[in-house]
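The structure under discussion appears below in the form of structure tokens.
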Protein chains: 2
Amino acid sequence: MTEDKVKKIKMTPQRAAILKYLDGNTSHPSAETIFEAVRKKYPMISFTTVYNTLQTLKDLDRVRELNIDDERKRYDPNVNIHHHLICTNCRKIVDIRMDFPLNVPDEKAQGYMISGRHVEFYGLCPKCRNKKKNNY
Amino acid sequence: MTEDKVKKIKMTPQRAAILKYLDGNTSHPSAETIFEAVRKKYPMISFTTVYNTLQTLKDLDRVRELNIDDERKRYDPNVNIHHHLICTNCRKIVDIRMDFPLNVPDEKAQGYMISGRHVEFYGLCPKCRNKKKNNY
DNA sequence: CCGTTAATATGTAATTATTACAATATAATA
DNA sequence: TATTATATTGTAATAATTACATATTAACGG
Ligand SMILES: [Mn+2]
Ligand SMILES: [Mn+2]
Ligand SMILES: [Zn+2]
Ligand SMILES: [Zn+2]
């Protein structure tokens, strides 16, 4: 009875290159970063294809879109629940692999049906801490 | 010894109107929403002034910028720490006034100096739940 | 192996949010 | 009331993302 709509997609060299770049990648790249990286190996790829592919991968739950950076969307091939720590200076994002007790009692949920959660931490990464220190 | 740099700003009718609209507002409006709202009372205000004022208020910690909506920035005059619940369908954002135990042990912080945190919950708001229900 | 075709890639244009800038106006101060 | 630093405005520029038309191709069946 489970509708396993295994939507199948064509495997193209472009998609393969993007998937390969993303596989195991924990750097939370933007579309542009992905484009530039993939372009090195596959110079004829178009930016639009990167966006299209990311949309497709989102639909397939192969990639998660993060709105944690105020300038651009970031993408994360790790779709398991985990949280993030972002540098307020250089925007480097790292994973926080921890569970937090985040139960919202019904009276606080205001009728919403809660289906997901995400904790963002802000701070200074080691590099930026040093820069600020030696900055007088 | 405390440097209370009470930066003072000029009080203008535009700023007063924006502040009045924001005061106690829990709707997490976008710049455009603020502009449209303020414009009704003060039709000659410019969009740029709204952006400028929001920037100023951010600098003064009178307003907090939220990156929770993937299409546009949202603004929150409540700068006390609290968390949010966003409707994945209509993007309505409501407050969650709760504390969560969010201690990150040093070995998980990867050298970052953590200075802030924010929990985002995703779900369907009551209206959108009903819409989906009556949607066959 | 082809041939067919729906799905995909590409290049470019359009859209949208936000910022930059230069000219004008004005709140605060003396 | 004059001065001036600061703010407002209108417009142009920037930047991320999406839309769209056309060309290409992966996958499937014969
Ligand atoms: Mn991650
Ligand atoms: Mn809030
Ligand atoms: Zn940093
Ligand atoms: Zn909703």
Side-chain angles (χ1 to χ4, degrees), chain A residues 5-22 28-60 62-76 86 90-91 93, chain B residues 5-22 28-60 62-76 86 90-91 93:
Chain A
K5 292 204 177 181
V6 181
K7 206 197 315 184
K8 52 175 57 183
I9 61 171
K10 282 193 196 170
M11 191 45 53
T12 66
Q14 292 89 335
R15 283 177 174 175
I18 293 169
L19 283 168
K20 186 176 171 199
Y21 174 73
L22 287 178
H28 310 92
S30 66
E32 188 178 19
T33 303
I34 296 168
F35 175 59
E36 293 302 344
V38 170
R39 189 142 77 140
K40 280 179 188 148
K41 295 273 179 172
Y42 199 90
M44 64 290 293
I45 198 170
S46 85
F47 209 156
T48 302
T49 295
V50 173
Y51 273 111
N52 288 342
T53 301
L54 288 170
Q55 180 60 56
T56 302
L57 294 176
K58 265 195 293 173
D59 293 344
L60 296 170
R62 297 277 307 266
V63 101
R64 180 169 156 210
E65 191 175 86
L66 299 175
N67 295 108
I68 197 173
D69 181 336
D70 65 323
E71 304 211 315
R72 63 198 96 250
K73 291 174 183 164
R74 303 289 205 96
Y75 297 89
D76 193 339
I86 185 169
C90 70
R91 298 172 207 277
I93 300 173
Chain B
K5 292 203 178 182
V6 181
K7 206 194 320 182
K8 53 175 56 182
I9 61 171
K10 281 193 197 172
M11 191 45 53
T12 66
Q14 293 90 335
R15 283 176 173 173
I18 292 170
L19 283 168
K20 187 176 171 198
Y21 174 73
L22 287 178
H28 310 94
S30 66
E32 189 177 18
T33 303
I34 296 168
F35 174 58
E36 293 302 344
V38 170
R39 190 141 77 137
K40 279 177 190 150
K41 295 274 178 169
Y42 200 90
M44 63 290 293
I45 197 171
S46 85
F47 208 156
T48 301
T49 295
V50 172
Y51 274 111
N52 287 342
T53 300
L54 288 169
Q55 180 60 55
T56 302
L57 294 176
K58 265 196 293 172
D59 294 343
L60 296 170
R62 297 277 308 266
V63 100
R64 180 169 155 210
E65 191 175 87
L66 299 175
N67 291 18
I68 196 171
D69 181 335
D70 64 322
E71 304 211 315
R72 65 198 96 250
K73 290 174 184 164
R74 302 290 204 97
Y75 298 89
D76 193 338
I86 184 170
C90 71
R91 299 173 207 277
I93 300 173

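Letters go in sequence order (proteins before strands), and every chain restarts at 1.
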Notebook entry, point to check: From C:dA9, D:dC28, C:dA27, pick the nucleotide closest to the side chain of A:Lys8?
Noted result: D:dC28

Next item on the list: Step through the shown structure and confirm whether more than 12 heavy atoms of other residues, nucleotides or ligands are within 6.0 Å of CZ on B:Arg62.
Entry: no

Item checked: Proximity to the side chain of B:Met11 - top-ranked nucleotide from C:dG11, C:dA28, D:dT9 -> C:dA28

Check: What is the distance from OH of A:Tyr42 to C1' of D:dT24, rounded to the nearest Å?
Finding: 11 Å

Check: Does a donor on one side chain sit under 3.5 Å from an acceptor on the other, for A:Thr56 and A:Thr53?
Finding: no

Notebook entry, point to check: Looking only at heavy atoms, which two atoms of A:Ile45 and A:Arg39 are closest? And how far apart?
Noted result: CG2-CA, 4.2 Å

Margin query: Rounded to whole Å, how long is the line connecting atom CG of B:Asn52 with atom P of D:dT9?
Written below: 10 Å

Next item on the list: Answer yes or no: side-chain N or O of B:Lys10 and base N or O of D:dA7 forming a donor-acceptor pair under 3.5 Å.
Entry: no

Check: So, is A:Tyr51 near the phosphate of D:dT17, with a side-chain N or O under 4.0 Å from OP1 or OP2?
Finding: yes

Checklist line | Interatomic distance where CD belongs to A:Gln55 and P belongs to C:dA7 [whole Å] | finding: 16 Å

Check: Taking only side-chain nitrogens and oxygens of B:Thr49, does any of them come within less than 4.0 Å of OP1 or OP2 of D:dT9?
Finding: yes

Item checked: Gap between atoms CG and P, on A:Leu54 and C:dT8 respectively (whole Å) -> 14 Å

Next item on the list: Measure across B:Tyr21 and B:Ala37 and return the closest heavy-atom pair with its distance rounded to 0.1 Å.
Entry: CE1-CB, 3.4 Å

Checklist line | Separation of D:dA7 C1' from B:Phe47 CZ (nearest whole Å) | finding: 18 Å

Notebook entry, point to check: Under 4.0 Å between a side-chain N or O of A:Lys73 and OP1 or OP2 of D:dT18?
Noted result: yes

Note to self: So, OP1 or OP2 of D:dT17: does either fall under 4.0 Å of a side-chain N or O from A:Arg72?
What the structure shows: no

Margin query: Any side-chain N or O of A:Thr12 below 4.0 angstrom from OP1/OP2 of C:dA9?
Written below: yes

Next item on the list: Check if the side chain of B:Thr48 and the base of D:dT11 share a donor-acceptor pair of N or O atoms closer than 3.5 Å.
Entry: yes

Item checked: Whole-Å distance separating the CZ atom of A:Arg39 from the C1' atom of C:dG11 -> 13 Å

Next item on the list: For B:Leu66 and C:dA17, give me the distance from atom CG to atom P, rounded to whole Å.
Entry: 17 Å

Notebook entry, point to check: Under 4.0 Å between a side-chain N/O of A:Gln14 and OP1 or OP2 of D:dT24, yes or no?
Noted result: no

Margin query: Please give me the minimum heavy-atom distance between A:Ile18 and A:Ile34, naming the atom from each residue.
Written below: CG2-CG2, 4.3 Å

Checklist line | Spacing between B:Ile9 atom CD1 and C:dT29 atom C1', to the nearest angstrom | finding: 17 Å

